[in-house]
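Everything on this sheet refers to the single structure shown next.
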Amino acid sequence: MSSIKWILQILVLFCALFFLFLFLRELKALKYQRRFAKFALTSIHDQEKSFFDIFSHHLWCFTHKLSRILEKSQVLRTLSDSYERHISFEEKKQKNKMDYISLKFLTSFSFLSLLILTIIFTSTNINVIHVLSAVFIGFFIPDIILALKMQQKQKQIEDDLLKAIIIMNNSFKSGRNIMQAVEIVKTELDGPISDEFKKIHMDMTYGLRLEVVFKRFYERVKLEDAKYITSALTLLNRTGGNIVHVFSSIEKSFYDKKKLQNEMKSLTASSIFVFRILVFLPILFSLAILLLNPTYFNPFFETPFGFLSFIFILILYISYIFTIKKVLKVKM
């Protein structure tokens with residue numbers, strides 16, 4: 001049995017060294033490519049692809065195949081509906097919402113594979129807690145990454161929404177209709193706000209009512225400013241009125257809110273700085289203890305009670321972060 005484990009270790013080590021060699025070679029090629037790119041002429045028919053592009057292409061091909069299998073499950077189809085808002089306008093032809101469910105299963109399998117490799121190299125005994133932890137962490141890692149990306153996207157949209165309202169209001173003042181104003185915004189601006197206005201333009205092209213279009217916009221971005229626009233347009237559609245006056249009022253309201261937010265950021269900057277220090281201090285202390293005594297935290301993972309204690313401490317730490325962040329957040 002020990003000889004089989006020894007052979008597996010040699011094979012795994014050989015595969016790791018092989019992939020490391022490919023990775024380093026690709027990095028070296030990219031380094032030379034960036035160095036000589038400014039002195040070379042690129043052909044318009046150049047179809048050369050990098051190793052990362054080829055790997056990404058094969059990964060998404062496999063993901064699409066797995067998605068076609070998982071689509072047969074009604075439960076997974078319902079679960080995938082929440083991932084629709086993470087697909088940009090340009091990605092709709094390459095991705096679908098079920099692909100994110102497939103990625104969750106793939107990351108779970110990857111974490112489980114890493115656990116098995118670790119057990120092979122360290123000769124430790126596997127238990128149910130280790131397997132469940134690896135599967136659980138791998139399954140929810142994509143959600144954490146998507147949540148961070150969505151938070152960044154929401155911030156960019158919130159920062160650029162005032163620009164979009166100003167452009168639309170100026171378009172209305174020059175005699176353009178709502179469709180033309182939306183089209184100007186999606187071409188003049190870039191980033192997430194441009195992508196969202198492309199979706200708005202597509203919804204309006206399909207004949208949806210104005211308040212329905214912006215309600216769908218609010219459901220995608222989950223911003224109070226978008227909800228305010230939706231409410232104003234719904235009231236305008238039901239009671240009538242001048243759309244120029246409505247958007248002028250929205251523009252003034254957003255401008256005053258932006259000004260107040262900048263003032264609040266300057267007032268709470270020191271508190272946020274202290275909060276960030278308190279968040280990272282436990283992590284730094286834990287890393288320092290691991291460097292001084294690598295076996296210090298082993299009791300947490302040797303018994304079920306220790307593992308539950310570790311989970312409880314982690315939950316308390318995360319709750320502390322969310323609580324302090326909630327206290328520091330000022331709603332406008």
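The shown structure was predicted, so the numbers you read here are calculated from the model rather than taken from an experiment. Below, all heavy atoms of this structure are taken into account, side chains as well, without hydrogens, waters or symmetry copies.
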Less than 4.0 Å between a side-chain N and a carboxylate O, is that true for [Y] and [X]?
{"X": "Asp225", "Y": "Lys257", "value": "yes"}
{"X": "Lys259", "Y": "Asp256", "value": "no"}
{"X": "Lys199", "Y": "Asp203", "value": "no"}

Is [Y] reachable from [X] through a run of hydrophobic residues whose side-chain heavy atoms are each under 4.5 Å from the next?
{"X": "Met179", "Y": "Leu208", "result": "yes"}
{"X": "Val246", "Y": "Val244", "result": "yes"}
{"X": "Leu316", "Y": "Phe300", "result": "no"}
{"X": "Leu79", "Y": "Ile69", "result": "no"}
{"X": "Phe62", "Y": "Leu103", "result": "yes"}

Working to the nearest 0.5 angstrom, can you tell me the gap between [X] [atom1] and [Y] [atom2]?
{"X": "Phe275", "Y": "Tyr320", "atom1": "CZ", "atom2": "OH", "result": "6.5 Å"}
{"X": "Leu132", "Y": "Leu112", "atom1": "CG", "atom2": "CG", "result": "10.0 Å"}
{"X": "Leu314", "Y": "Ile318", "atom1": "CG", "atom2": "CD1", "result": "4.0 Å"}
{"X": "Leu260", "Y": "Tyr255", "atom1": "CG", "atom2": "OH", "result": "12.5 Å"}
{"X": "Leu162", "Y": "Ile250", "atom1": "CG", "atom2": "CD1", "result": "11.5 Å"}
{"X": "Glu183", "Y": "Ser171", "atom1": "CD", "atom2": "OG", "result": "10.5 Å"}

Looking only at heavy atoms, what is the nearest atom pair of [X] and [Y], with distance?
{"X": "Leu223", "Y": "Glu158", "answer": "CD1-N, 4.0 Å"}
{"X": "Ile101", "Y": "Leu70", "answer": "CG2-CD1, 4.3 Å"}
{"X": "Pro299", "Y": "Thr295", "answer": "CD-O, 4.0 Å"}
{"X": "Ile87", "Y": "Lys97", "answer": "CD1-N, 3.5 Å"}

- [ ] Scan His245, Glu251, Lys252 and name whichever one has a side chain to side chain donor-acceptor pair (under 3.5 Å) with Asn169.
- [x]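 Of all the options given, the one that passes is Glu251.
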Open item on the list: I need the single residue from Glu196, His86, Glu84 that forms a side chain to side chain donor-acceptor pair (under 3.5 Å) with Arg220. Which is it?
Closed with: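 Single pass found, and it is Glu196.
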- [ ] Would you check if the side chain of Thr187 reaches a backbone N or O of Ile184 as a donor-acceptor pair within less than 3.5 Å?
- [x]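 Yes; at least one donor-acceptor contact below 3.5 Å.
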Open item on the list: Donor-acceptor pair, distance only, cut-off 3.5 Å: does the side chain of Asn177 make one with the backbone of Gln180?
Closed with: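 Judged by distance alone, yes, a pair lies under 3.5 Å.
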Taking the side chain as every heavy atom from C-beta outward, state whether [X] and [Y] have any pair of such atoms under 4.5 Å apart.
{"X": "Pro282", "Y": "Tyr317", "answer": "yes"}
{"X": "Lys173", "Y": "Ser248", "answer": "yes"}
{"X": "Thr303", "Y": "Phe307", "answer": "no"}
{"X": "Met168", "Y": "Ile178", "answer": "yes"}

Task: Any residue meeting ring pair (Phe, Tyr, Trp, His ring centres under 6.0 Å) with Phe217, in chain and number order, not counting sequence neighbours - done: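 Applying ring pair (Phe, Tyr, Trp, His ring centres under 6.0 Å) to Phe217 gives none.
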Task: Residues in ring pair (Phe, Tyr, Trp, His ring centres under 6.0 Å) contact with Phe172, at least two apart in sequence or another chain - done: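 Partners of Phe172 under the ring pair (Phe, Tyr, Trp, His ring centres under 6.0 Å) test: Phe247.
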Going by atom type alone, with no hydrogens or angles, which donor-acceptor pairs under 3.5 Å involve a side-chain atom of residues 135-149 and a protein atom two or more places apart or on another chain?
{"from": "Asp143", "atom 1": "OD1", "to": "Tyr83", "atom 2": "OH", "distance (Å)": "2.6"}
{"from": "Asp143", "atom 1": "OD1", "to": "Lys104", "atom 2": "NZ", "distance (Å)": "3.3"}
{"from": "Asp143", "atom 1": "OD2", "to": "Lys104", "atom 2": "NZ", "distance (Å)": "2.4"}

I'd like to know whether [atom1] of [X] has more than 12 heavy-atom contacts from other residues, nucleotides or ligands below 6.0 angstrom.
{"X": "Phe297", "atom1": "CZ", "result": "yes"}
{"X": "Glu263", "atom1": "CD", "result": "yes"}
{"X": "Lys227", "atom1": "NZ", "result": "no"}

Task: Intermediate values then yes/no, side chain to side chain contact (heavy atoms under 4.5 Å, CB included), Leu76 and Ser80 - done: CA-CA 6 Å; Leu76 293 179; Ser80 67; over 6 Å; no
- [ ] Give a yes/no verdict on a cation-pi contact between Lys258 and Phe254, requiring under 6.0 Å between NZ or CZ and the six-membered ring centre and an angle within 45° of the axis.
- [x]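 No, cation not above the ring by the 6.0 Å, 45° rule.
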Task: Audit row: Ile193, Asp159, side chain to side chain contact (heavy atoms under 4.5 Å, CB included) steps and yes/no - done: CA-CA 9 Å; Ile193 191 70; Asp159 292 339; over 6 Å; no
- [ ] Please report the C-alpha distance between Lys186 and Ile200 in whole Å, then the side-chain angles of each, then the deciding distance to 0.1 Å, and finally whether the side chain to side chain contact (heavy atoms under 4.5 Å, CB included) criterion is met.
- [x] CA-CA 9 Å; Lys186 76 181 181 70; Ile200 290 173; over 6 Å; no
TODO: Could you tell me how the ring of Phe197 sits relative to the ring of Phe214: parallel (under 30°), tilted (30 to 60°) or perpendicular (over 60°)?
DONE: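 Phe197 and Phe214: perpendicular rings.
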Open item on the list: Before you tell me yes or no, could you show the steps for Glu71 and Arg77 under salt bridge (Lys or Arg N to Asp or Glu O under 4.0 Å), namely the whole-Å CA-CA distance, both residues' side-chain angles and the distance that decides it to 0.1 Å?
Closed with: CA-CA 6 Å; Glu71 279 178 349; Arg77 284 204 305 270; over 6 Å; no
TODO: Give the C-alpha distance, both sets of side-chain angles, the deciding distance and a yes or no for side chain to side chain contact (heavy atoms under 4.5 Å, CB included) between Asp195 and Asp190.
DONE: CA-CA 8 Å; Asp195 181 73; Asp190 54 2; over 6 Å; no
Task: Donor-acceptor pair between Ser102 and Thr63 side chains, under 3.5 angstrom - done: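 Checked: Ser102/Thr63 side chains show no N/O donor-acceptor pair below 3.5 Å.
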